[in-house]
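This report refers to the structure that appears directly beneath it.
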Amino acid sequence: MTTPKASRPQPRPQPRQRRLWLVAAPALALALTLAGCSAATTAATTTSTTSAASEGTASTTETTSSVTGATDATQTAADVLAANQETHDKTDDSEWDAADATTIELSGSTASVSGDGAAVDGATVVISQPGTYVLSGSYTGQVIVSSDADGQVRLVLDSVDIDTDAGAAIDVQAADEAVVILADGSSNSLSDASSYADDADANAALYSAADLTITGTGSLTVTGNGNDGIASSDGLVIQSGTISVTAVDDGIRGKDYLVVRDGDVTIDAGGDGLKSDNEEDADRGYVLVAGGTVDITSGDDGVDAFTEVVTTGGTLSITAGGGAGSGAADSGAKGVSAGAIAVFEGGELTVDAADDAINTSAFVHLAGATVTLSTGDDGVHADLQLVISAGDVTVADSVEGLEGGQITISGGDTSVTASDDGTNVTAPDTGTAEMTMLISGGTLLVDAEGDGLDVNQGAITQTGGTVVVSGPTGNGNGALDADGGMTISGGVLLAAGSSGMAVAPSADSDQATVQFAVSGSIAEGTVLTVVDSSGEAVASFTTSKQAQNIVYSSADITNGETYTLVSGGSAGDTIAGGLAEGGSAGTTTVATGVAGEQTSSEMGGGMGGGPGGGGGQRP
């Protein structure tokens, strides 16, 4: 059952850079043509209808993100990144020569310079030209970079401790490019003022108005007392190092892009953890985690990108808004938030969020990463399309597990636990749409207290894959609930739930289905076996909760044949979840069913009774 949005705790109003609402298309579906992120548009627009039969999916309609011009959720990490602004960093950024460097010794409120390109002005060190500058010692002043010439300004931090109340500890006001190198074996720290003027350009302990790279093998501890910890008004890349950031607002922010290639990064932020917030350019405003370890504790979103979030490697762990058990879903604190698309293609992502674990205003593609999510609301939410094509996805704790305008599962291993709907296909908040759930491959396990698979005003199509649903025990919901019905032409489906709204795939489907209506109920932990008319065990299933209705479909089922559901035997080799091969059948008959005579619709039309699964009685 889908809880109406109006009755759910409502999140606080979101700033424009966190959420860009889209004008919904009349029809939503999966487009196979990749248009990338080449141009910003002003609305989500229907552009064409594409036959996808060769891909094992239904006919689909292309839609477009108003943020970037991206057209669908099947985009790979390479697709997304190829359409974005290239990063500025280079593989040799960590290399430097002491013989060519200017040295800066810091001591209290004073400093001394040996070499060219830097000077001391009171309690401030001013660097005015490109070059390499080696800093060491403790300082209560500021280091300012103001260079108008072409070339890198390379700051080598070699046991530096800057604790200032004058503003940013390091303020790169102007440079062609800035590189901060953490010297081998060094421990460094930066701490800034407790407040900034509202119109201050520099508002972080480590601030750069130019492209900024952080590299090297040393460590850096940053305390953002007045606002952010580390920030760049252009691009920001972390190549390596051990970096710990504590900030009253955002932890690490790169306006044009924020990239983590490697390193060990820990963030404790009152606002967002990692953030990119360029709102003007469609090829910017993205976050990429390609490697390393990033551990985030945030008061708001763990990762917040105005356009895209991409992971291709590394380990990303997020606790946002106190986590799923905080009871603060209305805080709006999400694990990962993207305005256009989030692609999780590699690495590991673990999220514990007060609000949605993953949320986008358009598309989500789970494409190979290992993802574990706990949330006070949706596990994964995509306004337009959610695609799972590869990887291991576990929604361990959620209100609704997977939610989107369309959900497509073509691969991977997905497990969902939800207190309401396991999967929920629903219209975007900004309009209505034709909604579908397409399953062509992979494994989907659902344990839901509401509807197991729920599609409002649309249909479920299964052409392959393995789906096991442990649905509701209450009669107000169903293991399967689709207003437009369900058809199956391949794969395996096992759905167990209550009897009040129990339905099955259409008898007109290319693959046969048998439905067992039980008198009374089946206890949790019971081994059930589907036996054909010749006495052969077709499949077995161990219930994980009380059940009254069992639906089973596979290539082994034949329309018109009578099947018997028996208990008391032993399960065969596990296929997925509680579903197993036939095993040894018991002797206690629980129910019988004739394939092709299943209940496939409810009175009032469709497979379900309207949004949320409520509605009329079965005929």
Side-chain angles (χ1 to χ4, degrees), residues 25-34 46 48-63 71-75 341 360 362-367 380-391 393 400-414 416 421-428 433-446 451-469 479-493 495 504-506 508-511 513 553 576 600 606-608:
L28 296 181
L30 180 64
L32 300 177
T33 302
L34 301 179
T46 300
S48 65
T49 300
T50 305
S51 173
S54 62
E55 301 294 330
T57 62
S59 293
T60 61
T61 304
E62 185 176 289
T63 58
T71 57
D72 71 278
T74 66
Q75 295 174 96
I341 185 171
T360 76
F363 312 117
V364 174
H365 188 185
L366 294 156
V380 183
H381 174 97
D383 271 11
L384 298 185
Q385 299 163 359
L386 164 59
V387 171
I388 303 176
S389 64
V393 179
E400 292 188 326
L402 308 177
E403 184 172 71
Q406 182 193 63
I407 296 176
T408 298
I409 300 175
S410 60
D413 295 311
T414 303
V416 173
D421 298 340
T423 67
N424 180 38
V425 178
T426 186
E434 175 192 2
M435 295 159 286
T436 59
M437 182 171 187
L438 312 174
I439 304 168
S440 61
T443 299
L444 174 63
L445 308 179
V446 173
D451 295 323
L453 309 184
D454 184 17
V455 178
N456 300 303
Q457 304 173 25
I460 300 172
T461 300
Q462 184 176 354
T463 64
T466 300
V467 179
V468 179
V469 179
L480 306 172
D481 182 5
D483 290 355
M486 178 177 182
T487 58
I488 186 166
S489 59
V492 178
L493 170 68
S506 169
D508 295 330
S509 298
D510 291 340
Q511 180 169 290
T513 298
S553 178
S600 57
M607 191 175 181

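Side chains of Asp483 and Gln457: a donor-acceptor N/O pair is absent below 3.5 angstrom, by distance only. Checked by atom type, the side-chain pair Asn424/Asn456 shows a donor-acceptor distance below 3.5 Å. Side chains of Ser506 and Ser600: no donor on one and acceptor on the other come within 3.5 Å.
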Take Glu400 and Asp454, measure what side chain to side chain contact (heavy atoms under 4.5 Å, CB included) needs, and give me the verdict at the end. CA-CA 10 Å; Glu400 292 188 326; Asp454 184 17; 5.6 Å; no
Can Leu386 and Val380 be said to form a side chain to side chain contact (heavy atoms under 4.5 Å, CB included), step by step? CA-CA 8 Å; Leu386 164 59; Val380 183; 3.6 Å; yes
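Judged by distance alone, the side chain of Glu403 and the main-chain N or O of Thr426 form no donor-acceptor pair under 3.5 Å. Side-chain N or O atoms of Gln406 include none that pairs as donor or acceptor with a backbone N or O of Val387 at under 3.5 Å.
Taking all atoms of both residues into account, the shortest heavy-atom contact from Gln462 to Leu493 is OE1-CB, 3.7 Å. The two residues Ala459 and Gly484 make their nearest non-hydrogen contact at CB-O, 3.7 Å. Ala576 approaches Val468 most closely through the heavy-atom pair O-CG2, 3.6 Å. Nearest heavy atom pair, residue Ser553 against residue Gln511, reads OG-NE2, 3.0 Å. Across all non-hydrogen atoms, the minimal contact from Gly452 to Val469 is CA-CG1, 3.8 Å.
Summarising the geometry, atom CZ belonging to Phe363 is positioned 10.0 Å from atom CG belonging to Asp383; distances are rounded to the nearest 0.5 Å. Interatomic distance, Thr423 OG1 to Asp451 CG, rounded to the nearest 0.5 Å: 8.5 Å. Rounding to the nearest 0.5 Å places OG1 of Thr487 at 10.0 Å from CG of Asp508. With values rounded to the nearest 0.5 angstrom, Ser389 atom OG is found 8.0 Å from Leu366 atom CG. Going from atom CE of Met437 over to atom CG of Leu444 covers 5.5 Å, rounded to the nearest 0.5 Å. In this structure, the separation between CE on Met486 and CG on Leu453 is 6.5 Å, given to the nearest 0.5 Å.
Only one option out of Ile439, Ile460, Leu402 pairs with Ile407 in a side-chain contact (heavy atoms from CB on, under 4.5 Å); it is Leu402.
In this structure Ala390 satisfies the side-chain contact (heavy atoms from CB on, under 4.5 Å) test with no other residue, sequence neighbours excluded. For Ser509, the side chain to side chain donor-acceptor pair (under 3.5 Å) test picks out no residue, with sequence neighbours left out.
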